[in-house]
There are 2 protein chains.
Amino acid sequence: MKWDTLDEEPCSLSRTVAVVGDRWTLLILRECFLRVRRFEGFQSSLQITRHLLSERLKKLVRFGILRRVPYSEAPKRYEYILTQKGLDLYPIIMAMVHWGDTHMGDERGRPLLHQHKTCGKQFDPVMVCSECGEPLHAKQVHVHAGPGRKEALG
Amino acid sequence: MKWDTLDEEPCSLSRTVAVVGDRWTLLILRECFLRVRRFEGFQSSLQITRHLLSERLKKLVRFGILRRVPYSEAPKRYEYILTQKGLDLYPIIMAMVHWGDTHMGDERGRPLLHQHKTCGKQFDPVMVCSECGEPLHAKQVHVHAGPGRKEALG
DNA sequence: GGCTATAGTTCTAAAATAGAACTGTCAAAC
DNA sequence: GTTTGACAGTTCTATTTTAGAACTATAGCC
């Protein structure tokens with residue numbers, strides 16, 4: 001597999017996997033959503049090697065998921081802030097958290113609880129159809145090739 | 001990082017990442033949702049090395065995401081079917097597809113279109129709050145430690 | 001017996017990751 | 001004015017993982 005061109009495959013899952021489809025990147029994004037912004041912050045909470053953290057942050061900046069924003073001029077220091085493109089990853093992270101809550105729990109109960117500021121309640125994320133609002137299940141979905149697939153295949 | 005115990009961390013995201021947090025596993029799951037079931041089917045559509053495919057399938061079976069079901073007695077042949085735990089990964093996959101559609105598209109248009117059999121329409125997945133039904137955004141969610149986190153740290 | 005299909009296993013080379021040490025800039029403490 | 005510490009990385013070697021290809025095993029068909 002040529003991982004370096006995975007983001008150009010005629011498949012939206014592949015393109016997403018190209019950007020966020022590895023362990024460290026997903027864990028770094030978790031920290032971002034928990035308001036971590038600085039190199040040392042990521043490094044100490046994740047115990048990731050500094051080399052890999054540096055690589056992953058560069059990649060996330062390159063793909064427009066994080067912005068590298070200076071917060072100190074001398075010495076030059078930067079923090080990493082989620083862009084809108086990065087914030088839009090939230091459903092992916094929440095879907096993974098919810099699956100973990102449901103299927104990987106232990107007797108100690110949930111590690112984190114989520115409260116929706118809008119309604120004030122503790123909630124779970126639910127994925128619904130944009131058209132009818134009903135919860136989505138794999139077996140009720142029919143997939144067919146769109147224009148991007150047809151063009152790619154000729 | 002001790003990846004071999006990542007599935008026991010007091011964090012549901014880590015636990016999910018431990019199971020599906022790598023490139024090949026996510027691509028294999030895509031094929032599962034596209035109704036691929038057999039070793040040769042995965043291998044030829046993904047161009048994954050046979051060794052890694054074998055490893056990943058074993059792992060998915062071990063975690064209860066796929067069931068290894070015999071479809072031929074002599075010679076012994078098996079196919080890999082999504083369990084309910086596996087089917088429940090659908091929101092993760094769909095969230096990734098949707099993000100790719102939104103942020104990684106090119107001029108050729110969407111690779112795949114999704115039709116909801118229930119309402120008949122072409123749709124996008126939307127993540128909503130289980131309590132009030134409103135679409136979720138990262139900034140409207142407040143996170144606090146649950147019993148599993150407190151026990152793990154305390 | 002020879003050919004094909006399926007589902008793997010085994011081998012070596014290349015690439016990625018871990019773990020630790022090192023670099024450079026500046027502020028504050030002594 | 002030199003030492004200490006914080007921050008944001010880079011560089012180095014050893015280990016682990018992955019890629020790529022070849023090999024094994026079982027059975028049906030001609």
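One interatomic measurement links the two molecules: OH of B:Tyr78 to C1' of C:dG8, which rounds to 12 Å at whole-angstrom precision. Atom CG in B:Leu53 sits roughly 12 Å away from atom P in D:dA19 (whole-Å rounding). The distance from atom CG of A:Leu6 to atom P of D:dT18 is 15 Å, rounded to the nearest whole Å. The nearest whole Å value for the distance from the NE2 atom in B:His51 to the C1' atom in C:dA7 is 15 Å. The distance between atom CH2 of B:Trp24 and atom C1' of D:dG20, rounded to the nearest whole Å, is 12 Å. In this structure, the CG atom of B:Leu46 is 16 Å from the C1' atom of D:dG20, given to the nearest Å. For the pair A:Ile28 CD1 and C:dT17 C1', the interatomic distance rounds to 13 Å; values are reported in whole Å. Rounded to an integer number of Å, the gap from A:Ile48 CD1 to C:dA16 C1' is 13 Å.
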What nitrogen or oxygen pairs link the protein and nucleotides 24-29 of chain D at under 3.5 Å?
residue, atom, partner, partner atom, Å
D:dT26, O2, B:Arg77, NH2, 3.3

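For C:dT9, the OP1/OP2 oxygens have a side-chain nitrogen or oxygen of B:Ser54 closer than 4.0 Å. Phosphate proximity of C:dT6 to B:Tyr80: absent, as no side-chain N or O sits under 4.0 Å from OP1 or OP2. Using a 4.0 Å cut-off, some side-chain N or O of B:Arg56 falls inside it from OP1 or OP2 of D:dT18. For A:Lys58, no side-chain nitrogen or oxygen approaches OP1 or OP2 of D:dA8 to under 4.0 Å. Within the 4.0 Å cut-off from OP1 or OP2 of C:dT17, not a single side-chain nitrogen or oxygen of A:Arg50 is found.
Pairing each heavy atom of A:Met127 with each of B:Pro125, the nearest pair is SD-CB, 3.5 Å. Taking each heavy atom of B:Pro111 and B:Asp101 in turn, the nearest pair found is CD-OD1, 4.0 Å.
Both A:Trp3 and A:Arg38 lie near DNA chain D, and the one whose nearest nucleotide falls closer to the 5' end is A:Arg38.
Side chain to side chain, B:Tyr80 and B:Arg68 meet the donor-acceptor criterion of an N or O pair below 3.5 Å.
Checked for salt-bridge contact, B:Asp22 and B:Arg56 meet the test: a charged N lies under 4.0 Å from a carboxylate O.
At the heavy-atom level, A:Arg23 lies nowhere under 4.0 Å from the strands shown. Within the nucleic acid shown, A:Phe42 has no heavy atom closer than 4.0 Å to any nucleic acid atom.
Below 30°, between 30° and 60°, or above 60°: for A:Tyr90 and A:Phe33 the angle between ring planes is between 30° and 60°, a tilted geometry.
Side-chain heavy atoms closer than 4.5 Å link hydrophobic residues (I, L, V, M, F, W, Y) into clusters, and following such links, possibly through other members, connects B:Val143 to A:Trp99.
Annotation: cation-pi geometry not satisfied between A:Arg37 and A:Tyr78 (NZ/CZ under 6.0 angstrom from ring centroid, within 45° of ring axis).
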